[in-house]
> 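Handing you this structure, nothing more for now.
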Amino acid sequence: MSDTKNRNPASSPGSSAPTAPSLEIDDGTRVFFDPDRDIAPSPQSPASASHASTAQSAPIDDAATPDASGAIPQDAEAPQKSAGAGKSPKPHYHGHRQRLRERFIKGGATALADYELLELMLCMAMPRGDVKPLAKSLIAQFGSFANVLAARPEDLQKAKGLGEAGIAAIKIAEASAQHLSRERAMELPVIASWEQLIDYCRVRIGHLKNEELHLLFLDRKNRLIADECHQRGTVDHTPVYPREVIKRALELHASAIILVHNHPSGDATPSRGDIDMTRKIVEAAKAMEIAVHDHIIISQAGYNSFKTLGLI
């Protein structure tokens, strides 16, 4: 070992280091000190000063000291306050996420409350911290779990504590629900899977704040070819152009159409404008040998069918 490595730093009074009138340091100068007096710190380079500051501010954790093999003991995850003391107390939500996951995997969505389902979703995007208060706050702010999923990104950005990753997780969940309901609606002829069609329409437009008219194009076997948003409107009005509806049906070689639009007000009762517009489309489609099976109005409270009401 070199002479430099064998040199020991000056120690404070009362230590076991031998007292001497002077001490050699690396640059060859001599430092004189009084063993009965506190030692003033010597100038340090930026790197060494930073290291010293870190060493002084960080508590010594004997449990986290590497053993002879260089490995840190497994039970050294949390710092200890003093030798022999127990680990620092864990947060109140420790293990909560794991318990939520286990309940969900074992019992499905029905095993969780709405806020817990949203909480579990946010956990995937926000890996640290307690997100239960945020989940409850979002449902209170938007009114329901479904409304949170359907909320516009710009509205979600106003929610305190919700970042970009959380917003993306919520909108991914909404898109997944739409894809799933659409696939189920396409498995069977629409006429034979009416409830699945209604579920799909609810997921698709039932929670929108503005009116939208969607056109469901069907083939000869009444299977869904396409679902397209034909027009977007205001909170209580959507402009409709029968000629454009028929033109698009011909482009897709559709044999039948189902009209679907939403009422953000919550009342699914057809208006006089809804009835007049539907009749115009039925007449235009009939001339091109295209059937209009139904016009469905969706709201958060329920739905209405023109065919059931005798309006088609």
Side-chain angles (χ1 to χ4, degrees), residues 146-147 150 174 177-312:
N147 284 349
E174 181 197 25
Q178 291 180 356
H179 278 276
L180 177 61
S181 59
R182 184 176 185 273
E183 290 297 323
R184 287 179 173 175
M186 294 178 68
E187 290 176 355
L188 298 171
V190 168
I191 305 302
S193 55
W194 186 254
E195 291 302 322
Q196 290 183 358
L197 175 65
I198 296 300
D199 288 343
Y200 169 62
C201 294
R202 282 174 172 164
V203 171
R204 191 80 165 90
I205 63 174
H207 301 278
L208 299 180
K209 292 185 177 181
N210 292 332
E211 280 197 14
E212 288 188 5
L213 172 66
H214 283 238
L215 304 176
L216 308 184
F217 299 99
L218 312 177
D219 61 15
R220 292 185 179 278
K221 295 182 178 180
N222 287 322
R223 293 182 181 273
L224 187 63
I225 298 174
D227 164 19
E228 297 181 354
C229 177
H230 179 67
Q231 290 291 338
R232 289 184 172 90
T234 62
V235 294
D236 59 0
H237 175 70
T238 303
V240 182
Y241 305 98
R243 179 181 296 179
E244 295 299 320
V245 174
I246 303 307
K247 177 183 177 183
R248 185 56 179 155
L250 293 173
E251 290 173 350
L252 293 172
H253 304 286
S255 298
I257 303 172
I258 294 178
L259 310 174
V260 185
H261 87 277
N262 63 309
H263 278 182
S265 66
D267 183 3
T269 304
S271 66
R272 173 50 57 183
D274 295 336
I275 296 172
D276 293 341
M277 176 268 294
T278 303
R279 287 176 177 171
K280 291 179 181 179
I281 293 178
V282 170
E283 291 174 2
K286 189 175 182 180
M288 304 304 298
E289 298 182 349
I290 298 174
V292 178
H293 285 325
D294 207 342
H295 184 171
I296 303 170
I297 300 178
I298 297 289
S299 75
Q300 293 193 37
Y303 73 95
N304 260 320
S305 161
F306 275 49
K307 189 170 186 179
T308 301
L309 295 174
L311 298 174
I312 290 183

> Roughly how far, to the nearest 0.5 Å, is the NE2 atom of H293 from the OG atom of S255?
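Reported value, rounded in 0.5 Å steps: 8.5 Å.
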
> Please round to the nearest 0.5 Å and tell me the distance separating atom CG of L259 and atom CG of L216.
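L259 CG to L216 CG: 8.5 Å, rounded to 0.5 Å.
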
> Can you tell me how far OH of Y241 sits from NE2 of H230, rounded to the nearest 0.5 angstrom?
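Separation between the atoms: 8.5 Å.
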
> Could you tell me which residues satisfy side-chain contact (heavy atoms from CB on, under 4.5 Å) with A301, sequence neighbours excluded, listed by chain and number?
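Scan of A301 (side-chain contact (heavy atoms from CB on, under 4.5 Å), adjacent residues dropped) gives S299.
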
> Given N262, which of Q300, E211, K209 fulfils the side chain to side chain contact (heavy atoms under 4.5 Å, CB included) condition?
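Exactly one candidate clears the test, E211.
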
> Residues two or more places apart in sequence or in another chain: which of them pass side-chain hydrogen bond (donor to acceptor under 3.5 Å, both in side chains) with H214?
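side-chain hydrogen bond (donor to acceptor under 3.5 Å, both in side chains) list for H214, sorted by chain: E212, D227.
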
> How about H263 and N304: does a side-chain donor come under 3.5 Å of a side-chain acceptor?
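There is no such pair between these side chains.
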
> Apply salt bridge (Lys or Arg N to Asp or Glu O under 4.0 Å) to R272 and list each qualifying residue two or more places apart in sequence or on a separate chain.
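Salt bridge (Lys or Arg N to Asp or Glu O under 4.0 Å) check on R272 returns D276.
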
> Looking at residues at least two apart in the chain, or sitting in another chain, which of them share a side-chain contact (heavy atoms from CB on, under 4.5 Å) with A284?
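In terms of side-chain contact (heavy atoms from CB on, under 4.5 Å), with neighbours along the sequence ignored, A284 is linked to I246.
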
> Establish, from distance only, whether the side-chain atoms of T269 and D267 form a donor-acceptor pair under 3.5 Å.
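T269 vs D267: donor-acceptor pair found between side chains.
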
> Which atoms form the tightest heavy-atom contact between P270 and L309, and what is the distance?
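What the structure gives for the nearest pair is CG-CD1, 3.8 Å.
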
> Which pair of non-hydrogen atoms, one from L252 and one from A226, has the smallest distance, and what is that distance?
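So the minimum-distance heavy-atom pair works out to CD1-CB, 4.1 Å.
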
> Among V260, I258, L224, which residue meets the side chain to side chain contact (heavy atoms under 4.5 Å, CB included) test with L197?
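Of all the options given, the one that passes is I258.
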
> If you compare all heavy atoms of G206 against all heavy atoms of I298, which two are closest, and at what distance to 0.1 Å?
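The pair with the smallest heavy-atom distance is CA-CG2, 3.6 Å.
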
> What residues, two or more places apart in sequence or in another chain, satisfy ring-ring contact (aromatic ring centres under 6.0 Å, His included) together with F306?
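By the ring-ring contact (aromatic ring centres under 6.0 Å, His included) rule, F306 matches H295.
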
> Would you please name every residue forming a side-chain hydrogen bond (donor to acceptor under 3.5 Å, both in side chains) with D294, sequence neighbours left out?
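Residues passing side-chain hydrogen bond (donor to acceptor under 3.5 Å, both in side chains) with D294: S305.
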
> Quick check for you: to the nearest 0.5 Å, what is the distance between R220 atom CZ and I225 atom CD1?
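CD1 of I225 is found 10.0 Å from CZ of R220.
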
> Can you tell me how far apart CG (D274) and CD1 (I297) are? Round to the nearest 0.5 Å.
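That separation rounds to 4.5 Å.
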
> Under the side chain to side chain donor-acceptor pair (under 3.5 Å) definition, can you give me all pairs with a residue in residues 279-290, not counting sequence neighbours?
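Every candidate side chain to side chain donor-acceptor pair (under 3.5 Å) pair involving residues 279-290 fails, so no pair, neighbours aside, qualifies.
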
> What residues, two or more places apart in sequence or in another chain, satisfy side-chain hydrogen bond (donor to acceptor under 3.5 Å, both in side chains) together with D219?
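Result, side-chain hydrogen bond (donor to acceptor under 3.5 Å, both in side chains) vs D219: none returned.
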
> If a pair satisfies salt bridge (charged side-chain N to carboxylate O under 4.0 Å, His left out) and one of its residues is in residues 242-254, list it, with sequence neighbours excluded.
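Non-adjacent pairs meeting salt bridge (charged side-chain N to carboxylate O under 4.0 Å, His left out): E228-R248, R248-E251.
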
> Checking I198 now: which residues fulfil side-chain contact (heavy atoms from CB on, under 4.5 Å) with it, not counting sequence neighbours?
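With neighbours one apart ignored, the set is W194, R202, I296, Y303.
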
